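These notes are about the structure you will find just below.
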Amino acid sequence: MDRAKTDPDLETMLIGPVVPMRDCGDCTACCTHLTVNSPDFAKPAGVACSHLAAGGCAIHAVRPHICRTWFCVWRRRPDLPDAARPDRSGLLISINFVDQPQNCLEAVSINIRMLPGSNAIRSGMAAAILDRLCDQLVPVWFSDGEEKMLMHPAADVAHAILSDTPPPVTLAREVAAWRERYAVFDGDGPTVD
């Protein structure tokens, strides 16, 4: 959650505006599981925020700007069911902005983090969420805490996007669309600031 690297308009373009009448409730997953690096507050991933109390944020009325303006994907996608809220699903979904990506598909993407103790794979919730999120020209990564896997685009499309060779004819349009959208993030283009 690095506000210096995020643009609310870009987040809205990629995943939509905050859904009216959908709030965090008792969910505090982002308060523990995300890295926060902003001018007014910082904390590492996997460490509970120092302001997190039994009832939620102890400084909610005066919480840092980043905490007032950042929203998980569940808060922005009305097609995700109530059961997909991070504390219910065991999945924390966010937009990632990577300063120095290894490839263009890591620069700006949706990241689904499986939280410790989650049964989202066994319950089918992970598959249901992936079905909904893998429908646009936005890369989707899944992390189970040990491994980070690209889920969208499909492996053959991703390979063609990242290759210097022309894609197979059957993938040409799809690969061209991805390349056009993410060319700014390739090794020769500018980096995310």
Side-chain angles (χ1 to χ4, degrees), residues 1-25 27-38 45 63-99 101-115 118 120-121 124-144 148-154 157-158 161 174 177-186 189-193:
M1 250 196 312
D2 187 343
R3 182 53 63 189
K5 305 295 185 255
T6 62
D7 177 342
D9 294 330
L10 181 57
E11 290 180 47
T12 299
M13 180 190 84
L14 292 173
I15 54 176
V18 176
V19 177
M21 304 305 289
R22 179 174 276 185
D23 60 38
C24 301
C27 183
T28 58
C30 62
C31 303
T32 299
H33 299 288
L34 294 181
T35 298
V36 180
N37 185 14
S38 70
R63 66 196 183 280
H65 179 76
I66 186 72
C67 301
R68 284 182 270 129
T69 59
W70 184 87
F71 302 97
C72 72
V73 172
W74 176 78
R75 292 279 317 266
R76 291 177 173 268
R77 289 283 301 252
D79 60 328
L80 293 179
D82 286 341
R85 192 173 86 176
D87 63 331
R88 295 174 183 153
S89 68
L91 299 169
L92 179 56
I93 312 164
S94 62
I95 291 286
N96 272 12
F97 296 85
V98 176
D99 281 336
Q102 293 181 10
N103 63 62
C104 66
L105 297 176
E106 287 185 338
V108 177
S109 62
I110 293 174
N111 189 30
I112 303 170
R113 290 171 187 82
M114 194 160 76
L115 303 178
S118 174
I121 293 175
M125 180 57 74
I129 288 174
L130 283 165
D131 283 346
R132 288 181 170 94
L133 297 178
C134 294
D135 63 348
Q136 308 174 48
L137 289 176
V138 180
V140 177
W141 294 84
F142 185 90
S143 173
D144 63 3
K148 179 179 164 185
M149 302 154 276
L150 181 64
M151 306 304 289
H152 179 69
V157 176
I161 293 165
E174 184 176 4
W178 281 95
R179 284 180 176 169
E180 181 181 338
R181 181 169 233 190
Y182 289 91
V184 69
F185 301 115
D186 70 18
T191 60
V192 177
D193 289 328

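Computed from a predicted structure; not experimentally measured.
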List, one per line, each side-chain donor-acceptor pair under 3.5 Å for residues 126-144, sequence neighbours excluded.
unit_1, atom_1, unit_2, atom_2, d
Arg132, NE, Asp79, O, 2.7
Trp141, NE1, Leu105, O, 2.9
Ser143, OG, Gly145, N, 3.4
Asp144, OD1, Glu146, N, 2.9
Asp144, OD1, Glu147, N, 2.8

Just list the side-chain donor-acceptor pairs under 3.5 Å for residues 107-115, sequence neighbours left out, or say none.
unit_1, atom_1, unit_2, atom_2, d
Arg113, NH1, Ser94, OG, 2.6
Arg113, NH2, Asn96, OD1, 3.4

Please list, one pair per line, the donor and acceptor atoms closer than 3.5 Å that link side chains of residues 80-92 to other protein atoms, with sequence neighbours excluded.
unit_1, atom_1, unit_2, atom_2, d
Arg85, NE, Asp87, OD1, 2.6
Arg85, NH1, Cys24, O, 3.2
Arg85, NH2, Asp87, OD1, 3.4
Arg85, NH2, Asp87, OD2, 2.7
Arg88, NH1, Asp82, O, 3.1
Ser89, OG, Ala84, O, 3.1
Ser89, OG, Arg85, O, 3.2
Ser89, OG, Leu91, N, 3.1
Ser89, OG, Leu91, O, 3.4

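Judged by distance alone, the side chain of Arg75 and the main-chain N or O of Val18 form no donor-acceptor pair under 3.5 Å.
Summarising the geometry, atom CD1 belonging to Ile95 is positioned 9.5 Å from atom CE belonging to Met13; distances are rounded to the nearest 0.5 Å. In this structure, the separation between CG on Leu150 and CG on Asn103 is 8.0 Å, given to the nearest 0.5 Å. The distance from the OG1 atom of Thr69 to the CD1 atom of Ile66 is 5.0 Å, given to the nearest 0.5 Å.
Contact of the Val36 side chain with the Trp70 side chain is not registered, since no non-hydrogen atoms from C-beta on lie closer than 4.5 Å. Proximity of Cys72 to Ile93: side-chain heavy atoms (C-beta onward) are nowhere separated by under 4.5 Å. Side-chain contact between Phe71 and Arg22 is absent, with no heavy atoms from C-beta onward closer than 4.5 Å.
For Trp178, the ring-ring contact (aromatic ring centres under 6.0 Å, His included) partners two or more places apart in sequence, or in a different chain, are His152, Tyr182. Listed by chain and number, the residues in a salt bridge (charged side-chain N to carboxylate O under 4.0 Å, His left out) with Asp23 amount to none (sequence neighbours excluded). Under the rule for a side-chain hydrogen bond (donor to acceptor under 3.5 Å, both in side chains), Arg181 has no partner lying at least two apart in sequence or in another chain.
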